[in-house]
Protein chains: 2
Amino acid sequence: MRNGHTSIAAKKQVAGRSRVTISDVADDLGVTKSTVSRALNGYPDIAEATRLRISRAAERLGYRPLAHAQAIRTGRVRSLGLVLQIDADDGARPFLANFIAGVTQAASEENWTITIATAESEKGVRETLSRLVDEHKADGFILPRTLLRDRRVETLRAQNIPFIMFGRTEDPTDCAWYDIKGEDAMRAATARLISLGHTRIAHVPGGQEYTYSKLRIEGYRAGLDAAGLVFDPDLVGAPALTGRDGDASVRALLSLPEPPTAFTFAVDRAALGAYRTARDLGLRIGEDISIIAYDGLPEGAYADPGLTTFAVNSRQAGERLARLLIKRIRGTAPEDLRELAPATLVERGSDRPPRLSSADLALRLKTNSLI
Amino acid sequence: MRNGHTSIAAKKQVAGRSRVTISDVADDLGVTKSTVSRALNGYPDIAEATRLRISRAAERLGYRPLAHAQAIRTGRVRSLGLVLQIDADDGARPFLANFIAGVTQAASEENWTITIATAESEKGVRETLSRLVDEHKADGFILPRTLLRDRRVETLRAQNIPFIMFGRTEDPTDCAWYDIKGEDAMRAATARLISLGHTRIAHVPGGQEYTYSKLRIEGYRAGLDAAGLVFDPDLVGAPALTGRDGDASVRALLSLPEPPTAFTFAVDRAALGAYRTARDLGLRIGEDISIIAYDGLPEGAYADPGLTTFAVNSRQAGERLARLLIKRIRGTAPEDLRELAPATLVERGSDRPPRLSSADLALRLKTNSLI
DNA sequence: AAAATCCTCGAAACCGGTTTCGGCAAGGGA
DNA sequence: TCCCTTGCCGAAACCGGTTTCGAGGATTTT
């Protein structure tokens with residue numbers, strides 16, 4: 001009997017024709033599909049014996065519920081949304097692969113998937129986000145690169161759509177987040193340079209609109225404070241996210257009357273720009289000037305000398321973000337979904353004790369420029 | 001009258017309560033939802049005037065059909081699948097962001113989305129692929145990094161699931177693809193080194209199981225043939241995908257009795273390993289030995305001297321792949337969906353005329369090793 | 001022993017769409 | 001004028017699930 005029924009389902013599958021549906025499972029056992037559905041979804045009004053028979057049959061027949069068929073009734077598509085902003089100069093994101101790997105790993109353990117979209121501008125991101133929301137392509141969203149005042153957050157919050165931020169924001173109301181303690185990293189970087197003997201230490205911040213940028217400046221400042229050094233606003237350079245801007249920012253800082261002998265950078269890419277500055281000005285990194293940055297880009301290992309930096313574990317970040325978001329979607333309050341993780345120091349060769357004092361460095365620069 | 005109806009729909013929306021459905025549109029106009037559906041989907045049995053009224057009303061009410069609700073009847077979820085293999089040593093894929101940007105751009109122009117998953121092994125990729133197929137999370141798949149004999153292809157082909165390869169494969173039956181002409185690039189690289197005056201030119205291939213690897217070796221060989229140089233199997237090094245392996249492969253080649261003065265690499269990462277070799281052996285790249293690679297990684301620009309390489313436009317690749325796959329899903333025959341694009345040379349400093357002959361280089365290496 | 005309660009499951013409605021089928025009215029041909 | 005098309009749309013079934021409701025039998029309570 002059971003075999004007779006089974007062969008029908010089997011035939012369906014072999015024919016490549018339509019899939020095994022919930023009705024096939026129901027027919028195979030002689031129950032109704034409503035019973036199968038409730039059994040598989042853990043409703044309490046199904047006898048344990050029945051539940052067992054059903055789940056075994058489902059397994060045997062290879063039944064897989066169709067997420068989008070479930071979604072039409074439940075409103076859940078079991079998918080996490082991720083909208084990336086990819087500008088021309090920022091296309092290279094080496095961590096992205098790891099980040100995505102983390103997200104998808106966590107997601108697929110719960111049998112969720114992730115829906116990705118991209119846009120080129122901030123406005124484009126919001127529009128894309130709206131489209132995904134309208135078409136309900138995802139049950140919730142991961143928001144990377146959060147701004148101090150983030151309009152994505154405002155939109156989603158207003159529509160009551162679950163989301164989690166990778167980063168923090170100014171107004172944390174109803175926000176869940178995961179973030180790396182960039183402020184701690186910058187404090188540690190500054191402390192480290194001080195312990196190496198530097199006293200004129202600059203900071204090249206990231207984009208002002210980003211929350212992390214503000215936090216990292218605060219960390220830098222905290223590092224100075226802890227050592228009793230006074231914070232000099234002149235030593236906070238122009239914001240830089242790219243090599244080109246980093247180069248410019250460093251040049252400006254070096255042309256101060258009392259130039260810094262060490263630099264902290266909010267982002268690696270800006271720090272890599274300093275290598276060009278150094279080459280052009282005849283300085284040697286790790287000797288004439290020291291630098292410590294943040295991100296952990298692989299490029300940093302290829303620079304000469306290698307870039308000392310605080311690396312973030314993007315894979316772990318993706319994983320945690322996915323898990324937190326799923327919890328959020330399932331109803332946990334956002335206040336209970338906030339996590340911070342540390343960045344880890346990768347020591348390479350770009351930070352060493354100063355060979356020149358600030359004054360000597362200034363002199364040296366003047367001399368070099370005359371050649 | 002119309003306003004009366006409209007306000008009901010509007011109220012639904014304002015309340016944040018359920019969305020605007022096809023029935024709302026139908027009610028607003030006093031027609032049935034079947035008419036609305038057919039009007040919006042271009043069925044021929046709807047009067048032009050009616051179609052216009054309906055599409056205007058849909059627009060006005062902000063109606064967006066739910067892709068997953070449509071899917072349950074049509075079997076199309078309007079999503080492209082992408083399963084990435086992310087191994088530990090290969091996590092850094094700088095092109096990934098651009099690639100994804102290309103895919104999503106093309107996809108969203110047609111109002112499709114992309115569903116991404118990752119796995120860590122070849123087997124894991126196939127399992128993940130199966131899961132996505134079983135749950136019908138995507139209507140078709142993009143297969144990156146194709147192998148000469150690719151089991152993903154065999155599976156999908158057998159189940160008659162639309163797919164497109166990024167790369168080619170041994171048995172092209174029923175396969176659509178987009179690929180970069182790596183063979184042409186390697187031929188050009190070899191020809192370029194020959195025209196600079198090199199005569200002992202090595203090639204460090206990629207993973208043997210990959211199709212591109214075989215093609216690039218062929219290109220290298222074609223470059224030699226074109227100049228009348230004989231192909232020496234000893235000058236094809238050990239396969240290398242990472243810096244470490246590239247380093248080892250180059251060392252072995254340099255220890256030949258007649259070492260090569262120039263190297264072509266199937267992949268940039270292996271070529272970057274040669275910088276370490278050179279440093280260790282006291283050689284100067286671009287002077288004592290020349291190298292040309294392939295991929296266009298941004299790291300290459302930070303190496304000293306910069307790595308000359310053939311760059312692939314990953315964004316364009318993603319875009320084309322998405323468009324071709326959508327066509328495939330809509331029914332175009334795979335034979336009509338095959339495209340090749342060229343890689344473009346990025347000239348930096350790693351390839352120059354030889355300063356030493358092969359014999360002199362051998363001598364020099366022996367001397368250096370004695371120090 | 002009768003009544004109330006509990007456990008378990010079937011029946012049917014429902015989710016938001018698509019698609020088939022048939023009917024009605026207008027138009028064309030004989 | 002009558003019949004046959006044709007054009008256009010409504011009615012209803014359908015897709016693959018979930019969820020509500022209620023009925024029947026078994027158990028427990030009184």
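Everything numeric in this text was worked out from a predicted model, so none of it was measured.
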Between [atom2] of [N] and [atom1] of [X], the distance in whole Å:
{"X": "B/D27", "N": "D/dG10", "atom1": "CG", "atom2": "P", "result": "12 Å"}
{"X": "B/R76", "N": "C/dT18", "atom1": "CZ", "atom2": "P", "result": "14 Å"}
{"X": "A/H68", "N": "C/dT18", "atom1": "NE2", "atom2": "P", "result": "13 Å"}
{"X": "B/I46", "N": "D/dG10", "atom1": "CD1", "atom2": "P", "result": "8 Å"}
{"X": "B/L29", "N": "D/dG10", "atom1": "CG", "atom2": "C1'", "result": "15 Å"}
{"X": "A/R19", "N": "D/dG17", "atom1": "CZ", "atom2": "C1'", "result": "11 Å"}
{"X": "B/L66", "N": "C/dG16", "atom1": "CG", "atom2": "C1'", "result": "7 Å"}
{"X": "B/I22", "N": "C/dT18", "atom1": "CD1", "atom2": "C1'", "result": "8 Å"}

Could you please name the option among [options] that lies closest to any side-chain atom of [X]?
{"X": "A/T74", "options": "D/dT19, D/dG10, C/dG17", "answer": "D/dT19"}
{"X": "A/A47", "options": "D/dG17, C/dT18, C/dC9", "answer": "C/dC9"}
{"X": "B/N41", "options": "C/dC9, C/dT18, D/dG17", "answer": "C/dT18"}

ask   = Below 3.5 Å, does any donor atom in the side chain of A/R38 face an acceptor in the base of D/dG17, or the other way round?
value =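 Answer no: no donor N or O sits under 3.5 Å from an acceptor.
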
- Is there a donor on the side chain of A/D45 or the base of C/dC7 sitting less than 3.5 Å from an acceptor on the other?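 Checked by distance alone, the answer is no.
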
**Asked** Which atom pair, heavy atoms only, marks the closest approach of A/R328 to A/P162?
**Response**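 In terms of heavy atoms, the two residues are closest at CG-CB, 4.0 Å.
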
Distance-minimising heavy-atom pair for B/L61 and B/V25 =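 Where B/L61 meets B/V25 most closely, the heavy atoms are CD1-CA, 3.9 Å.
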
task = Could you tell me whether the side chains of B/R151 and B/T155 share a donor-acceptor contact shorter than 3.5 Å?
result =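 Per modelled atom types, B/R151 and B/T155 side chains form no pair under 3.5 Å.
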
Practice problem: Specify the residue among A/K33 and B/T50 whose closest nucleotide of DNA chain D lies further upstream toward the 5′ end. | Solution: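 Its nucleotide being nearer the 5' end, the pick is B/T50.
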
So A/S23, base contact, sugar-phosphate only, or nothing? Heavy-atom distance under 4.0 Å.
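Nothing: the residue A/S23, judged by heavy atoms under 4.0 Å, touches no strand.
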
task: Please tell me which of A/R73 and A/S34 maps to the more 5' nucleotide of DNA chain C, matching each residue to the nucleotide holding its nearest heavy atom.
output: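 Looking at DNA chain C, the more 5' nearest nucleotide goes with A/S34.
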
Should the pair A/E319-A/R323 be classified as a salt bridge under the 4.0 Å nitrogen-to-oxygen rule?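 A salt bridge is present here (some side-chain N lies under 4.0 Å from a carboxylate O).
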
task = Report yes if some heavy atom in the side chain of A/T50 is under 4.5 Å from a heavy atom in the side chain of A/I54; otherwise report no.
result =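 Contact flag for A/T50/A/I54 side chains = yes.
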
**Asked** Taking only N and O in the side chain of A/Y63, is any of them less than 4.0 Å away from OP1 or OP2 of D/dG17?
**Response**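 Yes, within the criterion.
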
